[in-house]
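To start, the structure under review is shown below, and the notes come after it.
What you see is a predicted model, and the numbers here were worked out from it, not measured in a lab. Along the sequence shown, residues are numbered consecutively beginning with 1.
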Amino acid sequence: MPRLIKLSKILLDDPVSSLPGVGPKKTEALNKAGCLTVFDILRFYPTKYQDRRKTTPVSNVENGKMYLLRVKLESIKSYFARRGLTVINAIFYDNFGKITAKWFNKTYLTKQLLPNSEYWVFGTITKSANQLIISNPEVEKIEEINGKRADVLTPIYPSNARLSEANISPLSLRKLISLILDSIDWENSLPESLRDSAFQKILQALEEIHRPKSDESLHKAKYTLAFFDQVLFQIGVLKRRELLTGYLSLPDSTTPPRFECPYPLPFKLTNGQLDALSEIIADLRNNLLPENSETASPKPPMNRLLQGDVGSGKTLVAFLSMLHFSLELAPGFQCAFMAPTEILARQHLANFQKFFPQFANKAVIVTGSQKTAEKRLVNDLIATGSALFVFGTHALFQEKIVFRELGFCIIDEQQRFGVNHRRLLFNKGTNPNQLLLSATPIPRTLSLTIFGDMDTSIINEMPPGRSPVITTIEKSFKSALPAIKTELDAGHQVYIVCPLIELSDERDWISVEEAAENVEEMLPNVSYATLTGAQTWDEKELVMQSFKDRQLQILIATTVVEVGVDNPNATLMIIENANCFGLSQLHQLRGRVGRGSAKSKCILISHDDKSNERLEVLASTNDGFELSMEDLKLRGPGDLVGTRQSGLGHPCFSHRIPQKLIENARKRAFEILTIEPKEINDWFNIQMIRSFGESYKTFMEGG
Ligand code: ADP
Ligand code: MG
């Protein structure tokens with residue numbers, strides 16, 4: 001006897017196991033795919049729609065175009081073409097003619113497709129003298145669902161690895177969703193307090209995206225859901241900000257009073273530097289620690305990202321904010337300035353002592369390579385508080401250093417450090433202020449999302465008198481030789497950067513080793529040395545110092561020179577296999593030259609004949625902001641966000657979302673968290689956590 005199932009109404013929050021046809025096994029598989037509730041299933045959106053009102057008779061198709069056909073199967077056969085290749089040929093027909101469909105290796109179709117049954121067939125037509133072929137088409141049996149569904153836009157779901165593991169094909173997902181929509185009780189699916197029109201709109205959009213009534217209403221629904229998703233993401237971003245700072249607040253956008261630099265400097269600060277500095281100092285002042293540090297500070301500590309193109313002078317801005325903090329705002333509180341390499345950390349210390357000789361004795365450095373006796377001395381100075389400005393590498397958080405009172409952490413080249421690194425340093429103080437310096441400007445869509453939990457300051461101009469680095473593309477090292485000789489003859493120095501340290505079986509990129517051989521062969525009597533991450537600190541230090549002292553004419557290196565290294569006499573940067581680096585990274589490398597008064601050049605070597613479109617973009621502009629936008633378009637956000645990757649996994653994250661939508665969603669998210677009633681706040685919170693799925697925890701921790 002057939003079982004009659006009378007469907008009771010389904011609610012959005014019902015577990016998937018309550019759906020008909022979903023037994024314990026399927027439930028487990030669905031749960032594994034991230035679907036706990038009916039709502040979760042509805043959050044798999046179609047990627048396209050077929051208008052099944054618009055089919056084309058077989059007699060009317062044209063060569064090379066895509067069509068949706070409504071046809072019957074006449075016959076289907078498969079034959080071996082050669083090893084590993086089986087061809088499946090099916091003949092379909094309608095009232096006007098016949099067409100052959102061809103697939104490769106999909107032998108299961110010979111069992112699945114039934115002669116005399118009717119199918120939707122969708123694909124591209126090849127028309128020859130006497131044959132019509134539709135190649136590798138999508139095919140689906142025509143089933144009149146409740147006899148009515150054939151006249152609307154039909155959703156086509158993308159295949160999804162996690163769903164197919166749960167044995168749910170795009171077709172069965174459509175059936176499952178259709179079944180849900182047939183019996184869902186929208187009205188009772190939201191908590192009572194949310195049943196006003198604004199929230200109903202989200203549910204209507206959810207129905208519309210699976211069952212669009214028209215192109216226009218579909219368009220609106222997509223916008224509503226994109227906004228809803230972004231609100232959820234922004235709630236996550238604001239919560240992360242709250243978790244990191246202890247306060248729920250929107251990033252600051254007020255313009256503070258201009259800060260006047262009280263120290264003599266060899267040059268005038270740019271307006272961009274002054275603006276950024278003023279913002280940082282206003283922020284630090286706002287959360288001044290109270291006299292009695294037993295009580296919590298009245299405002300959250302600073303959590304700020306300082307952006308600026310390579311060479312825009314971020315370091316000096318950081319120095320001045322350190323000085324102001326430890327000498328004026330919070331006398332006696334210490335600053336830690338962490339850099340990703342020892343070369344860079346030492347360079348920072350040297351510059352600090354050069355710019356501010358009056359405070360030179362208050363600055364120390366901590367590195368992994370220090371001898372025990374030196375370490376002990378430095379640790380002592382830090383523990384007693386006589387060292388106010390503590391420079392260093394990873395050793396700053398790795399070593400057993402105890403600060404007397406750490407109040408301000410500065411992280412140079414933040415993309416090089418993991419969140420846990422920052423946290424370890426941060427934990428050496430009590431809620432210290434944080435300033436992260438980013439190597440490249442970050443496009444606005446990223447600073448609103450992945451970096452949305454931080455305030456940002458931007459240095460939007462370069463110090464005067466810099467002439468742009470002239471960038472060209474060459475096919476080989478040989479063709480760069482004349483340029484190298486010209487610079488060397490003028491007494492200038494040259495960098496050669498390679499993607500590999502030594503020869504590799506896997507990639508035929510030029511290695512530092514190979515480049516050194518080339519130099520010996522083609523430029524005899526030129527002094528050079530190599531610099532790679534494989535050398536010990538002492539070796540690297542010796543090489544760097546000799547290069548700075550001009551005892552070396554050429555420095556052949558890996559990307560270890562990418563960050564921050566400063567030698568104004570180096571005027572030519574040669575980058576081997578330039579195509580294997582990201583645009584922003586190339587721009588960073590290029591930023592190693594053009595730091596003095598002499599005109600500088602950058603030569604990108606690309607051995608392949610393929611298009612060098614990306615490299616041409618780099619050659620055409622010296623604007624790091626433009627390049628990072630381009631990088632984002634071409635390679636996605638990975639290169640720009642560094643180790644801060646977890647937000648990228650959020651299903652609602654896309655750097656292609658319009659900036660305005662993100663900004664509005666953030667405002668809405670803030671309203672929900674602050675002025676909406678608790679029930680609404682709660683509902684959104686639950687949805688937010690679910691929307692992050694497995695990445696929730698790492699995201700919240702700032703990863
Ligand atoms: P980045 O922003 O890439 O970290 P740096 O802080 O290393 O840049 O600065 C690049 C160079 O510019 C340094 O040699 C620095 O001393 C110099 N510099 C910084 N500010 C100014 C300025 N206002 N005028 C002239 N030179 C400056
Ligand atoms: Mg720098």
### Query
Do the rings of Phe417 and His421 sit parallel, tilted or perpendicular, given the 30° and 60° boundaries?
perpendicular

### Message
Under 3.5 Å, is there a donor on one side chain and an acceptor on the other for Glu208 and Gln204?
### Response
no

### Query
With no hydrogens and no angle check, do the side chains of Lys102 and Asn89 hold a donor and an acceptor under 3.5 Å apart?
yes

### Task
Could you tell me whether Lys98 atom NZ has more than 12 heavy atoms of other residues or ligands within 6.0 Å of it?
no

### Task
Could you please spell out the steps behind the salt bridge (charged side-chain N to carboxylate O under 4.0 Å, His left out) verdict for Glu676 and Arg668?
CA-CA 10 Å; Glu676 293 285 5; Arg668 185 71 190 109; 2.9 Å; yes

### Task
State plainly whether the residues Lys660 and Glu663 are in salt-bridge range, i.e. N to O under 4.0 Å.
yes

### Query
Can Asp182 and Arg211 be said to form a salt bridge (charged side-chain N to carboxylate O under 4.0 Å, His left out), step by step?
CA-CA 11 Å; Asp182 280 341; Arg211 282 185 176 170; 2.8 Å; yes

### Message
Strictly distance-based, threshold 3.5 Å: is any side-chain N or O of Asp94 a donor or acceptor partner for the main-chain N or O of Val58?
### Response
yes

### Message
Just so I know, are the side chains of Leu12 and Leu203 near enough to count as touching, which here means a heavy-atom distance under 4.5 Å?
### Response
yes

### Task
Show the numbers, then the answer: is there a ring pair (Phe, Tyr, Trp, His ring centres under 6.0 Å) between Tyr157 and His210?
CA-CA 10 Å; Tyr157 295 87; His210 294 292; 5.8 Å; yes

### Query
Does Asn60 CG have over 12 foreign heavy atoms under 6.0 Å away?
yes

### Message
Counting neighbours of CD on Glu28 that are heavy atoms of other residues, nucleotides or ligands and sit closer than 6.0 Å, is the number greater than 12?
### Response
no

#### Entry: Between Ser606 and Asn612: side-chain donor-acceptor atoms closer than 3.5 Å
yes

### Message
Can you tell whether the side chains of Arg43 and Asp40 come within less than 4.0 Å, N to carboxylate O?
### Response
no

### Message
With no hydrogens and no angle check, just 3.5 Å: does a side-chain donor-acceptor pair link Asn188 and Asp185?
### Response
yes

### Query
Taking the six-membered ring where the residue is Trp, are the ring centres of Tyr223 and Phe228 under 6.0 Å apart?
no

### Message
Between Asp455 and Arg241, does any side-chain N to carboxylate O distance fall below 4.0 Å?
### Response
yes

### Message
Applying salt bridge (charged side-chain N to carboxylate O under 4.0 Å, His left out) to Glu62 and Lys65, what does each step give before you reach the verdict?
### Response
CA-CA 6 Å; Glu62 285 173 35; Lys65 291 193 177 166; 3.3 Å; yes

### Task
Side-chain contact test, heavy atoms from C-beta onward, threshold under 4.5 Å: evaluate it for Phe104 versus Thr86 and give yes or no.
no

### Message
A quick test of your reading: do over 12 heavy atoms of other residues, nucleotides or ligands sit less than 6.0 Å from CG of Asn105?
### Response
yes

### Side-chain H-bond candidate by donor/acceptor type, Thr107 with Thr110, under 3.5 Å
no

### Query
Side chains of Asp453 and Asn303: donor-acceptor distance under 3.5 Å anywhere?
no

#### Entry: Residues Asp215 and Lys220 bridged, charged N to O under 4.0 Å
no

### Message
When you compare the side chains of Arg70 and Thr56, does any donor N or O come within less than 3.5 Å of an acceptor on the partner?
### Response
no

#### Entry: Donor + acceptor pair across side chains of Glu207, Trp186 (<3.5 Å)
yes

### Message
Less than 3.5 Å apart, any donor N or O on the side chain of Thr698 or Ser695 sitting next to an acceptor on the other?
### Response
no

